[in-house]
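Here's the structure, in structure tokens; my notes come after.
Hydrogens, waters and symmetry mates are skipped; everything else that's a heavy atom, side chains included, is used.
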Amino acid sequence: MVQPVGTGHRVGMDAMLLAATVPGSASGVLADLGAGAGGAGLAAISRLPQLNVVLIERSPIMADCARRSLALDENARLAPRVRVIEADVTLQGSQRRAAGLADHAFDYVILNPPFNAAADRQAPDALRAQAHAMDSDDLFERWLRTAAAILKPGGQVSIIARPHSTGEILAALGKRFGGAEITPVIPRPGDDAIRILLTAIKGSRARLSMRDRILIHQGAERAFSEQMDDLANGRAGWPRRTAIQPAN
């Protein structure tokens, strides 16, 4: 991947976990909202040969990184299955559609929004701060509104965020999505969760469920657990367990 040096958000664990939520049977088109340099979307289609992806990113610098990544010889097998759209994911109505985000056009949506509180925007690097910190109090509402608009009925949305955002996310899912599954992500046994991984289905009437944890590290060293290593390297996924129950 092409990524900025010394500025902006760099691809890490969050992107790989988000990519892992797309099921192994996935086909059609995935939208990666707030894609940055495209790490999560590219990881998903690298594992899933029947899936295409649209990377949606508002930063010209990060969108250019995604395009430059696709031009690399090493990514020649992926490039025909990827499109980059430079747009704000919170656009609405005709503006959103004009930007290339059509209604009911996608089978899956993944999003890794800037989930830190705006008060935490301490980074002197403006590009990194933009990627990490909220620019509004209703960020999840705005991002999930777009996800609901562009997903097909029965389509899956996946989110990674901090645990304290759970209430806001569930409120934003509202009646748009159901069957939410929440997985806590913890560094080591006995630690509190540092992330939640959440999936939900557009139009589903299934109830919320809490899943077993994902353990990041194993043993005293910094090495990944066997589970995390498989998820991070595309040898395994984290598909949903709840059957889809669309609304009547």
Residues Arg176, Glu141: salt bridge by 4.0 Å N-O rule: yes

Ionic contact status for Glu86 with Arg67, cut-off 4.0 Å: yes

Between [X] and [Y], which heavy-atom pair has the shortest distance, and what is it?
X      : Y      : value
Ala180 : Ala200 : CA-CB, 4.1 Å
Pro4   : Cys65  : CD-SG, 3.7 Å
Ala66  : Val84  : CB-CG2, 4.2 Å
Ile196 : Pro163 : CG2-CA, 3.9 Å
Pro114 : Leu139 : CG-CD1, 3.6 Å

Taking only residues two or more places apart in sequence, or in another chain, which ones meet [X] in a side-chain hydrogen bond (donor to acceptor under 3.5 Å, both in side chains)?
X      : result
Arg211 : Glu181
Thr146 : none
Asp138 : Ser136
Thr199 : Arg240

Check the side chains of [Y] and [X] for a donor-acceptor pair under 3.5 angstrom, ignoring hydrogens and angles.
X      : Y      : value
Thr90  : Trp143 : no
Ser46  : Arg77  : yes
Gln156 : Ser158 : yes

Transitive ILVMFWY side-chain link Leu231 to Ile194, under 4.5 Å: yes

Shared hydrophobic cluster for Val2 and Met62 (ILVMFWY, side-chain gaps under 4.5 Å): no

Over 12 foreign heavy atoms within 6.0 Å of CZ, Arg68: no

Reference residue Ile150; test side chain to side chain contact (heavy atoms under 4.5 Å, CB included); the match among Val157, Asp103, Val109: Val109

With Trp238, the side chain to side chain contact (heavy atoms under 4.5 Å, CB included) member among Ile214, Val22, Leu17: Ile214

Pair Gln227-Arg213, side chain to side chain contact (heavy atoms under 4.5 Å, CB included): steps then yes or no: CA-CA 11 Å; Gln227 177 190 42; Arg213 67 190 180 183; 6.0 Å; no

Residues clustering with Leu91 (ILVMFWY side chains joined when closer than 4.5 Å, directly or via others): none

Sequence-distant partners of Asp191, salt bridge (Lys or Arg N to Asp or Glu O under 4.0 Å), two or more places apart: none

Residues Arg142, Arg145; criterion side chain to side chain contact (heavy atoms under 4.5 Å, CB included); working and verdict: CA-CA 5 Å; Arg142 295 165 69 191; Arg145 177 183 62 208; 3.8 Å; yes

